[in-house]
Amino acid sequence: MADRPQALRRITEANEVHLDVREDIRRGQDPFARIMATVKALGPEQALVLRAPFEPVPLLAVLRKRGFAHWALQSAPDDWTVWFYRDPSAPAEAGGGARAAASTEGDMAVLDVRGLEPPEPMVQILERLDTLRPGQRLVVLHERRPMLLYPQLDERGFLHDTEEVEPGLVRIVVRRPAPPS
Amino acid sequence: MSGPGPSAGSAPSPTLPLSYLVTAVAAFVLACAAVPALAPELAGHYYHPRLAALAHTVTLGWITLSILGASYQLIPIVLARPIWSQRLARWQFWILAVGIAGMVSHFYIGRWPGLLMAAVMVGAGVAMHVVNVAMTLSSVERWRLTARFIAMAFTGLGLTVLFGLLLAADRLWKFLPGGFFPTLHAHFHLALLGFVAPAVMGVAARVYPMFLLAPEPSGWPERVQFWGLALGVPGVVTGLLGVPALVVPGAIAVAAASAAHLTWVSRMARDRKRPALDWGLRFVLTGSAFLIAAGTVGLGLAFDLLSGPRAALAYAVLALGGWVSLTIVGMMLKIIPFLVWYRIYSPQVGRVPVPTLARLGWPAAEALAYALLTGGVAAVAAALAVGDARLIGAAGVILAAGALCFAAAVARVLYHMAPSGRRPAAAAGARTA
């Protein structure tokens, strides 16, 4: 495991904001909105210390785009602690948003289509949906409500739910309806 | 705010905006082709029935139909609200198309009763659009800059058309007070600054970042653009109508809005993540650069440093032909391929290979259109300033050739809507799931 980064060592304990989402995930609740609200409230000197039952890979990409570096510590198979902190010396993400960031964790696949020129977000989403396993959800991070995507989702029989997390960040959860019993 | 996304009815059918945009392209070609044909008239005073026909082909046939069509495509995307009534929008299209054709033809032959009847039809079509947009905007929760600019633009459009109706009626019954030319100038500036300018600035706020892959701009240019127009347009129009002291402060406020807009556009161009510009974006940025020339000549006219029909015609061409038209051409080269792609290929994404958006266009025709239209607009403005009919005719030929290249590029994209024009599944550049 890598040593604690220099930039993180400079952050005092008093400036660490702790958030434990293990219980949310155990109850089947999605903690994304809670995490983003906490991140939004962080001061410039503060770091988020997140406890989760797995390494939150999709979140790492989302927060990297917002200028947060991270350092993760695994204490048990289902106990991860991840520090998110601002590090101006961290290298900027390659590609400048010209490519969608995708990752998969359990029954949830995350696709970040921010920074793509229309209609590339729609193409990325529809192509990704084609590979979605039964029961798996696709979480799409978008800059705006994709008004032209919704008819395509309806036509293909997907269920979708949209949440405007903050200006410039919309989260769409897409899933296949459960097969009739 | 959370909840199910809007359903299938939320997105307009692509054929709705396309009907407006394609008709607008036809009007643009007609207007550009008319420039060499009307060169002798253009070398004289602008108050001429045939030049009024040309001006309304540009302002109503080209610019207004483009903005109305684009609004039916862009309002749902940038404001995340479905259009209130697509049926109303389709009726409105036919009423406007017939009304505009009637106005242009009656201007051309100088028949005022027919002009008034056609103007009433245009007024009805515009009223339908204003109602449709107002009902759409009524459900907007956050009034961001684009929503405010759209509201301002369509208020300006309504007032411009009302003003035009009064002018048409005045041709028959002579009831308007004041001189004819100040009233005419006020009508022109209400259209340019009260309708077209906020429409372009509103679109720029949300759509330019989307295509340039640039962060959405914010800060003082946003406020200066909005308030510069909100205060400057009434100043200029009222000043021209009868309170001359308001012309200069109004023009300064509008110039400040224009400068803020240019600052904004240059920031977006500088901070863009997109490394290479396509021809559509080059048109848009070049159109913005024409705003500098148009604004300079406009200020010269406001401060009485310039005067007369030569400067006024050059100013109109720099503003309507340079800034507005090049911007619209650029936006159309982005929007029309998207609409065609969405209608023909988006249902197949993830199922069969489909061509990328870039494969729909015709870059060679777009490049030629760029060279001819930008050069042609500058040449026509210079020739009008000089007032030489042969120069105007020659510059008009360049402009007309550019318009034809642009129309050919658009036609190539539209060809994909015909079954024979669709790309086969294995075409080069196609993407697979």
Side-chain angles (χ1 to χ4, degrees), chain A residues 30 32-33 65-66 92-99 113-132 138 140 142-175 177, chain B residues 1-14 73-83 141-142 144 206-207 209-216 218 271-275 278 281 334-335 337-339 341-343 345-354 356-358 431-433:
Chain A
D30 187 349
F32 184 80
K65 283 200 165 187
R66 299 168 71 98
E93 183 164 306
R99 190 176 304 160
V113 296
R114 289 173 295 168
L116 296 180
E117 182 180 358
E120 201 55 25
M122 183 193 296
V123 171
Q124 299 268 347
I125 294 164
L126 292 176
E127 288 186 347
R128 190 65 192 266
L129 285 175
D130 202 46
T131 66
L132 211 61
L138 178 66
V140 178
H142 209 302
E143 285 159 334
R144 56 193 164 273
R145 286 174 181 261
M147 301 294 281
L148 299 180
L149 174 70
Y150 295 130
Q152 298 290 337
L153 296 178
D154 294 341
E155 191 262 328
R156 293 171 190 225
F158 286 99
L159 301 174
H160 50 91
D161 194 59
T162 301
E163 177 190 12
E164 191 164 348
V165 180
E166 60 185 44
L169 178 59
V170 168
R171 187 166 172 273
I172 308 118
V173 180
V174 188
R175 62 187 168 86
Chain B
M1 189 171 47
S2 178
S7 60
S10 63
S13 163
Q73 163 67 5
L74 297 173
I75 284 177
I77 293 175
V78 301
L79 300 183
R81 287 291 173 277
I83 293 295
E141 286 153 8
R142 273 207 316 269
R144 297 174 65 174
R206 294 300 300 277
V207 179
M210 210 185 288
F211 288 128
L212 284 164
L213 305 183
E216 280 194 19
S218 57
D271 298 339
R272 73 182 193 275
K273 290 174 183 165
R274 184 196 180 98
D278 56 29
L281 291 172
K334 305 295 291 182
I335 293 173
F338 179 83
L339 288 169
W341 182 92
Y342 181 71
R343 178 168 175 83
Y345 297 111
S346 68
Q348 302 167 19
V349 174
R351 294 167 170 165
V352 297
V354 297
T356 59
L357 201 57
R431 56 185 314 144
T432 55

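Order of the sequence lines fixes the chain letters, A, B, ..., with proteins taken first and strands second; residue numbering starts at 1 for each chain.
Atom CE of A:Met122 and atom OG of B:Ser346 lie 5.5 Å apart (nearest 0.5 Å). Here the CG atom belonging to B:Leu213 is positioned 10.5 Å from the CD atom belonging to A:Glu120, to the nearest 0.5 angstrom. Atoms CZ and CZ, from A:Arg145 and B:Arg81 in turn, are 7.0 Å apart once rounded to the nearest 0.5 Å.
Inter-residue side-chain proximity for A:Pro118 and B:Trp341 is flagged as unmet; no heavy-atom pair is nearer than 4.5 Å.
Classification of B:Arg351 and A:Glu155 as a salt-bridged pair holds, one side-chain N sitting under 4.0 Å from a carboxylate O. One finds no salt bridge joining A:Glu143 and B:Arg206 here, because no Lys/Arg side-chain nitrogen approaches an Asp/Glu carboxylate oxygen to under 4.0 Å.
A distance-only check finds a donor-acceptor pair linking the side chain of A:Arg156 to the backbone of B:Pro347 [under 3.5 Å].
Both the backbone and the side chain of B:Ile77 come within less than 4.5 Å of a heavy atom in chain A. Both the backbone and the side chain of B:Phe211 come within less than 4.5 Å of a heavy atom in chain A. For B:Gln73, the part lying under 4.5 angstrom from a heavy atom of chain A is the side chain only.
Here the closest heavy-atom approach between residue A:Leu148 and residue B:Phe338 is recorded as CD1-CE2, 3.1 Å.
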